[in-house]
There are 2 protein chains.
Amino acid sequence: MTEADGGLGVTSRPEPRVRSARMAELVRAALGLLETEGAHALTMRRLAALVGMRAPSIYKHFESKAALEVALVEDALFDMGDALHHSVADPGADGPVESLLAAYRSQATSRPNRYRLTTSSAFPRAGLLAGLEDWAGEPFFIVAGEAHLSQALWAFAHGTMILELDDRFLAGSDLDATWQAGAIAFSLPGDRPVGEPASLHPVGRQP
Amino acid sequence: MTEADGGLGVTSRPEPRVRSARMAELVRAALGLLETEGAHALTMRRLAALVGMRAPSIYKHFESKAALEVALVEDALFDMGDALHHSVADPGADGPVESLLAAYRSQATSRPNRYRLTTSSAFPRAGLLAGLEDWAGEPFFIVAGEAHLSQALWAFAHGTMILELDDRFLAGSDLDATWQAGAIAFSLPGDRPVGEPASLHPVGRQP
DNA sequence: ATTCTGGAGCTAACAGCGTTAGCTTGGGAA
DNA sequence: TTCCCAAGCTAACGCTGTTAGCTCCAGAAT
């Protein structure tokens, strides 16, 4: 990841907050609860029981449930940022856009409920570590090379991701092809992988 | 809207559920609460107070809060579907993709909290009127002309929309340009509006 | 005209939620 | 040895969606 600092990166990876052993244990248990049973199962009483305490005692370590969720989401953003920065530093045989999208999709899919929490409208984003979201999202700018296209690419990635996780696409859809359709639409021609199926291309891209 | 039936449409607009006067009043009040104060304010007790009753009485008209939200979301999908079908039937001077995206954005922006509810991961989509979501989303297929590209376009639209509503884009971003960047990426060249600003194109698109 | 019925309101209450107040306890610093 | 405070506890508050069970009245049926 250090390579990226000397590269195109203009933001830097924030320093994660230090956590006591008990805090780390709570976050670990919370992640387990969230992923195995869903957001509705992540309650203070259930979490407390999981680590052998009672709900009010959690407040000795986190000032609110929101603060605990912030910890979960910061983990998610560090994981996502690391994966994305790695993908731009070392894109595979496919183009950089394909590589970035594959990293994004793989990361989100690995912990779907944490991804949902991270991108939820209700989540108190203001409490996040300063600069973390910008750093995690920077690879989109690096790959797209231009602000508006990078935002559009990010929006495509998030939109496709959340619709996939929520099973909103028509049953039986080939989602690999959907991701690839977006990758092609947002790729610079020179960066496109060779042997790209031409049918997926928006017909007649050239003026 | 009837023109669309004879056109490319293969799905048809479902018949809305009939609502008693009291049900309609509740849905109207619920929408007001949702939009003016947000999802957290939409509680059975507050809604009941707004129409001059007590919370348990609502259950004489809707079997659960979820059923009431289904009514709100069905309204949203009918409104969205009507707007999108209208846009494909009568695209403006801009291309069909621009026109569709503009309709999508305008519709969602007009009732942001209802849009959030409609697209929320937690929403019980199974309770929706059969075929309603398919019908509302059909214009994306009509415009893109191909299944995967249409899904990618829909994903871009939703992603951009929810990020815009949640204020997730970098402060000061020109979101019109972001929408347009996506519109261009997903447009067939022949359909692109004339006089497209070349600067929006990713720099150095040529190899 | 009387009776019956059922839709639509009500109160009381339950379980679960996040959270707070206030008490206790034990281990390390002074 | 004393003191302090971090970290646990119980009880409780106000909120949530929801259920049980009662009442009341309009309109249909007799």
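No hydrogens, no waters, no symmetry mates; every other heavy atom, side chains included, goes into these values. These numbers come from a predicted model, not from an experiment.
Side-chain atoms of A:Lys60 lie closest to D:dG8 of the nucleotides C:dT11, D:dG8, C:dG9. Closest approach to the A:Lys65 side chain among D:dG17, C:dG18, C:dG9 is made by C:dG18 (side chain taken as heavy atoms from C-beta onward). Distances were taken from every side-chain heavy atom of A:Arg45 (C-beta onward) to each of D:dT18, C:dC17, D:dG8; the shortest belongs to C:dC17. With C:dT19, C:dC17, C:dG9 as the candidates, the nucleotide lying closest to the side chain of A:Tyr59 is C:dT19.
Between the side chains of A:Asp94 and A:Ser99, no donor-acceptor pair of N or O atoms lies under 3.5 Å.
If you find the closest nucleotide of DNA chain C to A:Pro56 and to B:Met53, the one lying nearer the 5' end belongs to B:Met53. Between A:Glu63 and B:Ala55, it is B:Ala55 whose nearest contact on DNA chain C lies nearer the 5' terminus.
Heavy atoms only, all atoms of each residue included: B:Arg116 and B:Ile162 are closest at CG-CD1, 4.1 Å. Listed here is the closest heavy atom pair of A:Gln107 and A:Ser110: O-OG, 2.7 Å. Taking every heavy atom of both residues into account, B:Arg13 and B:Asp82 meet most closely at NH2-OD2, 2.8 Å.
Between B:Trp135 and B:His85, the ring planes lie parallel to each other; the angle is under 30°, not in the 30° to 60° tilted range.
Distance, B:Arg46 CZ to D:dG14 P: 18 Å, rounded to whole Å. In this structure, the CE atom of B:Met44 is 17 Å from the C1' atom of C:dA15, given to the nearest Å. Rounded to an integer number of Å, the gap from CZ of B:Phe62 to C1' of D:dT18 is 16 Å.
For the pair A:Arg54 and D:dT10, the criterion of a side-chain N or O lying under 4.0 Å from OP1 or OP2 is met. Using a 4.0 Å cut-off, no side-chain N or O of B:His61 falls inside it from OP1 or OP2 of C:dG7.
Ring centroids of B:Tyr115 and B:His158 are separated by less than 6.0 Å, placing the two rings close together.
Counting non-hydrogen atoms under 4.0 angstrom, A:Ser57 reaches a base of the nucleic acid.
Between B:Gln180 and B:Asp176, the closest side-chain pair of non-hydrogen atoms is not below 4.5 Å.
Within residues 16-42 of chain B, the residues having any heavy atom closer than 4.0 Å to DNA chain D are, in order of number, B:Leu42.
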